[in-house]
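Read the structure below first, then the notes.
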Amino acid sequence: MNEGAVVLSWLVVRQDDNGNRYRVGRYATRAEAQKIAESLDGHGHKQLYSVERVSQHGESTRN
């Protein structure tokens, strides 16, 4: 990895009524991802927004 490169280790994921999951965005900190998830969740839609950490291997882990 290059020095000074930003690591985007946190995902915001949207899950719809049918259980389909979509990546909304990647963020550098959990706090940043949580803030986005909460703002999206506050729109009153039925979708569920969650924050997940991305492993070093690029796999998502639910928290």
Side-chain angles (χ1 to χ4, degrees):
M1 181 176 295
N2 297 334
E3 282 188 45
V6 176
V7 178
L8 303 176
S9 299
W10 295 93
L11 295 175
V12 173
V13 177
R14 178 185 73 137
Q15 184 170 325
D16 66 18
D17 297 350
N18 298 318
N20 299 310
R21 295 169 38 89
Y22 305 94
R23 184 174 67 195
V24 174
R26 289 181 75 150
Y27 303 90
T29 67
R30 180 184 178 111
E32 183 181 15
Q34 191 66 44
K35 182 177 178 181
I36 297 297
E38 288 172 2
S39 72
L40 292 169
D41 208 25
H43 288 161
H45 299 286
K46 293 182 180 180
Q47 290 83 11
L48 172 68
Y49 292 90
S50 61
V51 173
E52 300 176 6
R53 185 173 180 95
V54 178
S55 73
Q56 290 180 345
H57 305 290
E59 300 165 348
S60 161
T61 57
R62 293 183 189 187
N63 287 331

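Note that the structure is predicted; figures quoted are calculated from it, not measured.
For the residue pair S9 and V7, the shortest heavy atom distance occurs at OG-CG1, 3.1 Å. Of all heavy-atom pairs spanning W10 and V51, the tightest one is CE3-CG1, 3.7 Å.
For N18 (side chain) and N20 (main-chain N/O), no donor-acceptor pair under 3.5 Å exists by modelled atom type.
Side-chain atoms of V24 and L40, non-hydrogen and from C-beta on, do get closer than 4.5 Å to each other.
Note that the CZ atom of R53 and the CG atom of L11 stand 10.5 Å from one another [nearest 0.5 Å]. For the atom pair OH (Y49) and CG (D41), the distance works out to 7.5 Å, reported to the nearest 0.5 Å. Between the CZ atom in R21 and the CZ atom in R14 there is a gap of 11.5 Å [rounded to 0.5 Å].
Y27 pairs with exactly one of V12, V54, L8 by the side-chain contact (heavy atoms from CB on, under 4.5 Å) rule, that one being V12.
By the 4.0 Å N-to-carboxylate-O rule, E52 lies too far from R23 to be salt-bridged with it.
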